[in-house]
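As a basis for the values below, the full set of heavy atoms in this structure was taken, side chains included, without hydrogen atoms, waters or symmetry mates. Note on naming: letters A, B, ... go to the chains in the order of the sequence lines (proteins, then strands), and numbering restarts at 1 for each one.
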Amino acid sequence: MIKITFPDGTAREYKNGISSLEIAEQISPRLAKEVYAATVNGEIRDLTRPIDLDATLKLHKWEDEAAKLAFWHSSAHLMAEALESLYPGMKFGIGPAIENGFYYDVDPGDETVITESDLQTVENRMKELAAKNLTFSRREVSKKEALYIFKKKSDEYKTELISELVDGTITLYTQGNFTDLCRGPHLPSTEPLKAIKLLSVAGAYWRGNEKRKMLTRIYGITFPKQKLLDDYLVFLEEAKRRDHRRIGKELELFTFSQKVGMGLPLWLPKGSDIRQNLINFLTSVLRKRGYKIVTTPHIGNVNLYKTSGHFEKYGTDSFQPISTPQEGEQFMLKPMNCPHHCEIYNATPHSYKDMPLRMAEFGTVYRYEQSGELHGLTRVRSFTQDDAHHFCRPDQLREEFKSIIDLILYIFKILNFNDFTAQVSLRDPENKQKYIGSDENWERAERDIIEAAAEKNLETTVVIGEAAFYGPKLDFMVKDAIGRKWQLGTIQVDYNLPERFDLTYNGSDNQKHRPVMIHRTIFGSLERFVAVLIENTAGKFPLWLAPEKAVILPISEKFNDYAGKVLEILNNSDICTLIDERSEKIGKKIRDNELKKIPYLLIIGEKEVENETIAVRKQGEGDKGSMKIEEFVSFINSEIKKEIAF
RNA sequence: GCCGAUGUAGCUCAGUUGGUCAGAGCAGCUGAUUUGUAAUCUGCAGGUCGGGGGUUCGAAUCCCUUCAUCGGCUCCA
C-alpha cells in the first residue's frame with residue numbers, strides 16, 4: 001500500500017501502482033471526468049501513470065495551468081497526427097502548449113505550402129481522430145531506440161533533438177498511428193478534445209535560429225466545451241476592437257503614410273494633444289523630483305557613437321550615416337540620447353556634493369527596425385523617449401535606483417496601470433561576447449538591481465540573456481489587447497558609458513572619481529505608451545488626457561448663439577470644447593459624439609437658454625442633469641485635479 | 001530581413017468560373033427639416049480596383065514583379 005496526501009492535508013492509503021485517474025474515480029466519477037493532469041510529489045504527470053510510492057497528489061481541473069498544459073500539449077499531438085495523415089512524409093519540429101493554446105512547427109517538404117485555407121481540413125481531421133477516443137500511451141525508450149525510430153521516418157528534427165538528450169530520460173507518447181518524442185504530460189485519451197480551432201499559420205525558424213530552416217508553425221486552441229471556445233473567439237474579436245491601430249484611426253489620433261515612410265508615425269491634432277498632456281504632466285512631476293530638463297539635437301557626429309560603442313554594436317543595422325558636403329564628416333540620426341547627455345555632463349565640472357545629477361529629455365530617436373517588426377505605435381522607427389540619465393556616486397546607486405522604482409510605480413498608479421510585470425534582465429554568462437564591460441562591473445550592477453528591487457518589495461521575474469549590451473536592466477512590461485508583451489519603463493545600470501566618455505567628479509579627497517550612470521524611462525516611448533493607454537481605455541481616455549473635454553450640442557440652430565457663448569467661456573477656462581452645429585436631431589448628435597468618446601456632452605435647448613445652464617451628459621453614463629456654466633467649469637477642474645493628484 | 005496571407009471610394013466591405021462589375025453602407029457636400037438624451041429625409045460627388053509589366057479580342061478577376069499592410073519568426077541600444 002502507498003499513502004497519498006491531498007492538498008488539504010488529508011491522507012489515504014491506496015494499492016501500490018494505482019493511477020491518479022483511478023484515485024479520482026474513487027473520490028467521484030464526476031471528478032474523474034473533470035481532471036486532466038496530476039501533480040505527484042511536485043511533478044506534473046499523466047493521470048494514467050502509476051504511482052508506486054508514498055506521494056502528495058494534486059488533481060488538476062481545467063482551471064489549473066497544469067491541466068491546460070496537458071490539454072493543449074495533447075492537442076498539439078492530435079494536430080500532428082492529423083497533419084501526418086493529410087501530408088504523408090511531413091516532418092515535425094517541436095509542438096508545445098503555450099499561454100493560450102498550442103502550436104506545432106512542421107516541415108511539409110519543399111513542394112508543399114500550408115496556408116490558412118488548409119486549416120479547416122486539418123481541423124476536421126483532428127475532430128475525426130479525437131472522436132475515436134484514442135489513448136495516449138507513454139513509453140520510456142533508450143536513446144538508441146529513439147534515434148532508430150525517428151531515423152526510420154527520416155525526421156532530422158526529432159533526431160537532432162534526441163541526439164542532445166541524456167540517455168535514460170527519453171520518453172515517447174503514442175496515440176493512434178502517431179508517435180512523438182515527448183516529455184509529457186498528456187491526457188489519458190483524445191476524448192476531451194471536443195472544441196478545436198486552428199487559428200493561424202506562420203513561419204518560424206527551426207530552434208529560433210534565423211540561420212536555420214524556416215518551418216511552418218500552426219497555432220491552435222482547444223477547449224473541453226464548445227461554449228468555452230465560443231467565448232474565447234468572442235474575446236479575440238473584442239480584443240481586436242481595442243487594438244490601438246484601429247482606435248487610433250477611428251478617433252483620428254495618428255496615422256502612417258507610405259510617402260513619409262514605414263514606421264514613421266504622424267501624430268494628428270488629437271493624438272498630439274494627448275502626447276502633449278503626458279509631456280506636461282510628466283515634466284511637472286520630474287521638476288518636483290529634482291530633474292533638470294535638457295534638449296539635444298536629432299543628429300550626432302558618428303564619432304559620438306563610436307565613443308559610446310553603439311556604432312560598433314548597431315552601426316550596420318541603423319539608418320546609415322549622413323554624409324555632408326564637407327568631406328570626411330559623417331552624422332547619424334540619433335538612435336539614443338545617452339551619448340549626448342554624457343557630453344552635457346562633461347560640459348561642466350562636477351563635485352561629489354552635486355550628485356546625483358538627474359538629466360531628463362523628451363528625446364526623439366531613430367532606429368532602423370526591421371521592416372517585419374514594425375507594429376502600429378508599439379514598434380516604430382522614430383519615437384520619443386521620456387528619457388533620463390542619473391549620474392551618481394557609487395554609494396548612491398542603490399538609493400537612486402530605488403527612487404526610480406518609486407517614480408515609475410507612482411506614475412503607473414496615477415494612470416491606473418495595474419497590470420504590469422517587472423522583469424530583471426541579466427546577461428547570458430554563456431555568451432559574454434555579446435556584451436561590453438568588465439565582469440566585475442556586470443556582477444556589481446546585477447547585484448545592485450536585484451537588491452534594489454527586493455528592497456522595494458517589487459515582485460520580479462529574472463530573465464537571463466535579456467540585458468542590454470552595456471548593462472543589466474529592470475523592465476516594466478505590459479500586455480497589449482491580444483496578449484503581446486511590450487516593455488514600457490526600464491531602469492538600466494551602466495558602468496560603461498562613464499568610462500568611455502571619461503565622466504568624472506571631484507570627490508571629498510579632491511581626486512577625480514568615476515560616476516555611475518543609470519538610464520531610465522517611465523513610458524518607454526510616448527508612442528508605445530499612448531498605444532498601451534488606448535488599448536487599456538479602449539479610447540475612453542481619462543478627462544485630463546482627453547484631447548477634447550466636451551462638445552456642445554444645441555438642440556436646434558436657434559440656440560447656436562447661446563452655444564457660442566458657452567463655448568467661449570469654456571475655452572477661456574482651458575476646457576477644450578467644440579460645438580456640433582449640424583442640423584441633426586439631438587439623438588444623432590449624441591450618438592456621434594459618444595462614439596468619438598467625448599467625455600462630456602453639453603446639451604442646450606430652450607430650458608438652458610432661459611435658465612443660463614447647460615444639460616450635462618457624461619460619456620457612457622448618460623444624463624447628469626443641468627448646471628450653471630461656472631459650476632461645470634469648477635466641476636471639470638476638480639475632476640482633473642483628482643485624476644492627477646496623489 | 002525570413003515564412004504565409006492580404007491590398008477595391010476617407011472608413012467598413014460586396015464583386016461567382018476573365019465578358020454592362022466598378023457597387024453598397026457610413027463619412028463628405030446639397031437641399032428640406034428646427035428637432036430634448038445613441039442613427040430624419042432628398043439629391044450629388046468619390047476609385048486608372050496598391051504601383052509597374054505581361055497573357056487575352058477583353059483583366060479588379062490569370063501570370064510576373066515591386067511597394068505597403070496583417071499574422072508569426074528573428075531582432076529590439
In whole angstroms, how far is the [atom2] atom of [N] from the [atom1] atom of [X]?
X	N	atom1	atom2	answer
A:Ile218	B:G72	CD1	C1'	13 Å
A:Arg582	B:A38	CZ	P	15 Å
A:Asp592	B:U35	CG	P	20 Å
A:Tyr104	B:C73	OH	P	18 Å
A:Arg241	B:U12	CZ	P	15 Å
A:Gln258	B:U69	CD	C1'	8 Å
A:Asp243	B:U12	CG	P	12 Å

Are any of [X]'s side-chain N or O atoms less than 4.0 Å away from OP1 or OP2 of [N]?
X	N	value
A:Lys558	B:U35	yes
A:His375	B:U69	no
A:Lys588	B:G36	no
A:Lys473	B:A77	yes
A:Arg245	B:C70	yes
A:Ser371	B:G1	yes
A:Arg484	B:G72	yes

Subject >> Smallest separation among heavy atoms of A:Glu608 and A:Ala615, with atom names >> reply: OE2-CB, 3.5 Å
Subject >> Nearest heavy-atom neighbours spanning A:Glu369 and A:Val380 >> reply: CG-O, 3.4 Å
Which part of the nucleic acid does [X] contact within heavy-atom distance under 4.0 Å: base, sugar-phosphate only, or nothing?
X	result
A:Met262	sugar-phosphate
A:Glu621	nothing
A:Val365	nothing
A:Ser318	base
A:Glu250	nothing
A:Tyr103	nothing
A:Phe256	nothing
A:Glu584	base
A:Arg217	sugar-phosphate
A:Gly309	nothing
A:Lys249	sugar-phosphate
A:Ile586	sugar-phosphate
A:Gly622	nothing
A:Ala202	base

Subject >> Flag side-chain contact, heavy atom, 4.5 Å: A:Met359 against A:Phe391 >> reply: yes
**OP:** Report yes if some heavy atom in the side chain of A:Leu377 is under 4.5 Å from a heavy atom in the side chain of A:Phe256; otherwise report no.
**Re:** yes
Subject >> Aro-ring/base stack A:Tyr314-B:A77, d under 5.5 Å, angle under 30° >> reply: yes
Pair of N/O donor and acceptor under 3.5 Å linking [N] base with [X] side chain:
X	N	result
A:Glu594	B:A38	yes
A:Ser583	B:U33	yes
A:Tyr205	B:G1	yes
A:Glu608	B:G36	yes
A:Arg379	B:C75	yes

Considering only the [atom1] atoms, how many Å lie between [N] and [M], rounded to the nearest integer?
N	M	atom1	result
B:U20	B:A60	P	11 Å
B:U16	B:C21	P	11 Å
B:U69	B:G36	C1'	45 Å
B:A77	B:A5	C1'	32 Å
B:C2	B:C13	P	28 Å
B:G72	B:U66	C1'	23 Å
B:G47	B:G10	C1'	11 Å
B:C41	B:G1	P	49 Å

**OP:** Using the ring pair (Phe, Tyr, Trp, His ring centres under 6.0 Å) rule, pick out the option among A:Trp206, A:Tyr157, A:Tyr104 that qualifies with A:Phe92.
**Re:** A:Tyr104
**OP:** Map A:Gly372 and A:Lys313 onto RNA chain B by nearest heavy atom, then report which one ends up closer to the 5' terminus.
**Re:**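 Counting from the 5' end, the first nearest nucleotide belongs to A:Gly372.
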**OP:** Between A:Trp486 and A:Leu374, name the one whose nearest nucleotide on RNA chain B is closer to the 5' end.
**Re:**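 On the 5' side of the pair lies A:Leu374.
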Original post:
Should we say atom NZ of A:Lys240 is surrounded by more than 12 heavy atoms from elsewhere, each under 6.0 Å from it?
Top reply: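 No, not enclosed.
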Original post:
Parallel, tilted or perpendicular: which describes the rings of A:Tyr470 and A:His310, with under 30° parallel and over 60° perpendicular?
Top reply: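 Geometry flag for A:His310 against A:Tyr470: perpendicular rings.
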Subject >> Chi class for B:G46: syn within 90° of 0, otherwise anti >> reply: syn
Both distances under 3.5 Å, Watson-Crick or G-U wobble: report the partner of [N], or none.
N	result
B:G19	B:C57
B:G4	B:C70
B:U35	none
B:G25	B:C11

**OP:** Have a look at A:Asp107 and tell me which of A:Arg212, A:Arg217, A:Lys213 forms a salt bridge (Lys or Arg N to Asp or Glu O under 4.0 Å) with it.
**Re:** A:Lys213
Subject >> Name of the residue among A:Ile579, A:Leu602, A:Leu578, A:Ile590 meeting side chain to side chain contact (heavy atoms under 4.5 Å, CB included) with A:Leu553 >> reply: A:Ile590
**OP:** For the side chain of A:Lys607, starting at C-beta, report the closest nucleotide among B:G36, B:C76, B:G72.
**Re:**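 In terms of side-chain proximity for A:Lys607, the closest of B:G36, B:C76, B:G72 is B:G36.
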**OP:** Among B:G36, B:U34, B:G72, find the nucleotide with the atom closest to the side chain of A:Glu557.
**Re:** B:U34
Subject >> Nearest-0.5 Å distance that lies between atom OG1 in A:Thr378 and atom CD in A:Glu535 >> reply: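 Reported value, rounded in 0.5 Å steps: 7.5 Å.
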